[in-house]
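Heads up, the thing below is written out as structure tokens.
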Amino acid sequence: MKAAPRVLLMMGSDTDLPVMQEASDILRTFDVPYEMRISSAHRSPVRTMNLASEAAERGIKIIIAGAGMAAHLAGVVASKTILPVIGVPMPGGALNGVDALYATVQMPAGIPVATMAIGKAGAKNAGLFAVQILALSEPHLAESILRYRADMDKELEQKDAELQTR
Ligand code: RP5
């Protein structure tokens, strides 16, 4: 049987998928069950609000929302749930993600969205941030995060050692 999703990954368009897959790759690496949905704050507002307001009762603990351009997705989702919402501004459009960054990060006081960097780095960090939140109450995830960081450290050390031989 498929495990119930703990993280809901939402994106405004299927064109966001290549970026948002960075987040799902991280969740798979840490064995955190997730659900991925395409739903737009502008094009499918009712479905978006329903997904957000029903998430907690389905056992979801964190929502990651990626959107580009006017990028209201994370804010709208955050307005319909008290689960932590992590926003990822998508690159592209005439302003290449700066528009989405401002729209996502500039939430009015009262409804927070934890905003990551534009694009793939932001999506990857959104996945890691979600795992870190879950790790607060799941020690095995805390151990996995520490191992992940130790591996990153080792990898850089190896790259540095290689550089010294050139
Ligand atoms: C946003 O508009 C989506 O999140 C996407 O990043 C952007 C453009 O969407 P498409 O026109 O590519 O579907 O809602």
Side-chain angles (χ1 to χ4, degrees), residues 2-136 141 144-145 148 152:
K2 219 172 134 192
R6 322 277 318 281
V7 178
L8 174 59
L9 264 169
M10 295 176 75
M11 67 203 86
S13 169
D14 61 326
T15 58
D16 300 326
L17 200 53
V19 174
M20 291 306 284
Q21 264 162 356
E22 295 285 329
S24 57
D25 286 351
I26 287 290
L27 296 175
R28 258 203 307 279
T29 299
F30 286 91
D31 266 331
V32 173
Y34 64 89
E35 180 179 280
M36 234 176 184
R37 304 297 293 262
I38 297 167
S39 193
S40 161
H42 305 111
R43 294 168 176 159
S44 52
V46 175
R47 211 159 52 81
T48 295
M49 285 195 250
N50 288 342
L51 276 168
S53 59
E54 290 160 10
E57 67 206 34
R58 293 199 296 122
I60 304 280
K61 299 291 178 208
I62 298 144
I63 301 179
I64 298 174
M69 300 179 79
H72 287 118
L73 184 63
V76 166
V77 165
S79 76
K80 298 297 283 183
T81 180
I82 58 164
L83 294 175
V85 175
I86 307 170
V88 186
M90 291 297 114
L95 302 183
N96 206 14
V98 174
D99 41 4
L101 172 67
Y102 284 167
T104 310
V105 80
Q106 283 292 72
M107 285 298 289
I111 306 291
V113 167
T115 305
M116 301 289 118
I118 299 170
K120 287 190 172 182
K124 188 169 186 172
N125 277 346
L128 288 166
F129 200 57
V131 176
Q132 286 180 218
I133 294 172
L134 293 172
L136 288 171
L141 284 179
S144 303
I145 287 274
Y148 178 86
M152 257 194 315

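All residue numbers refer to positions in the sequence shown, counting from 1. As the structure lists them, so they are numbered: ligands from 1, and atoms in each ligand from 1. Only this structure's heavy atoms are used, side chains among them; waters, hydrogens and symmetry mates stay out.
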Is it the case that over 12 heavy atoms from other parts of the model lie below 6.0 angstrom from the CZ atom of F129?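 Count not over threshold, so no.
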
Tell me whether the count of non-hydrogen atoms from other residues, nucleotides or ligands lying under 6.0 Å of CG in L136 goes above 12.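 Count over threshold, so yes.
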
To the closest 0.5 Å, what do you measure between CD1 (I63) and CG (L51)?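 If we round to the nearest 0.5 Å, I63:CD1 and L51:CG are 8.5 Å apart.
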
Can you tell me the protein heavy atom closest to [atom] and the distance?
atom                    : result
atom 3 (C) of ligand 1  : D16 OD2, 3.4 Å
atom 13 (O) of ligand 1 : S13 OG, 2.6 Å
atom 12 (O) of ligand 1 : T15 OG1, 2.7 Å

Can you tell which of A67, A70, G68 gets a heavy atom nearest to atom 7 (C) of ligand 1?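 Closest candidate by heavy-atom distance is G68.
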
Pick from R43, H72, M90, M69: the one approaching atom 9 (O) of ligand 1 most closely through a non-hydrogen atom: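 It is R43 whose heavy atom sits nearest to atom 9 (O) of ligand 1.
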
Could you list the donor-acceptor pairs under 3.5 angstrom formed between side-chain atoms of residues 35-42 and any protein atom two or more places apart in sequence or on another chain?
unit_1 : atom_1 : unit_2 : atom_2 : d
E35    : OE1    : R58    : NH1    : 3.1
E35    : OE2    : R37    : NH1    : 3.3
E35    : OE2    : R58    : NH2    : 2.9
S39    : OG     : S44    : OG     : 3.4
S39    : OG     : T48    : N      : 3.4
S39    : OG     : T48    : OG1    : 2.7
S40    : OG     : H42    : N      : 3.0
S40    : OG     : R43    : N      : 2.8
H42    : NE2    : H72    : ND1    : 2.7

T115 (side chain) donor-acceptor with T104 (main chain) under 3.5 angstrom: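 Yes: the side chain of T115 pairs with the backbone of T104.
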
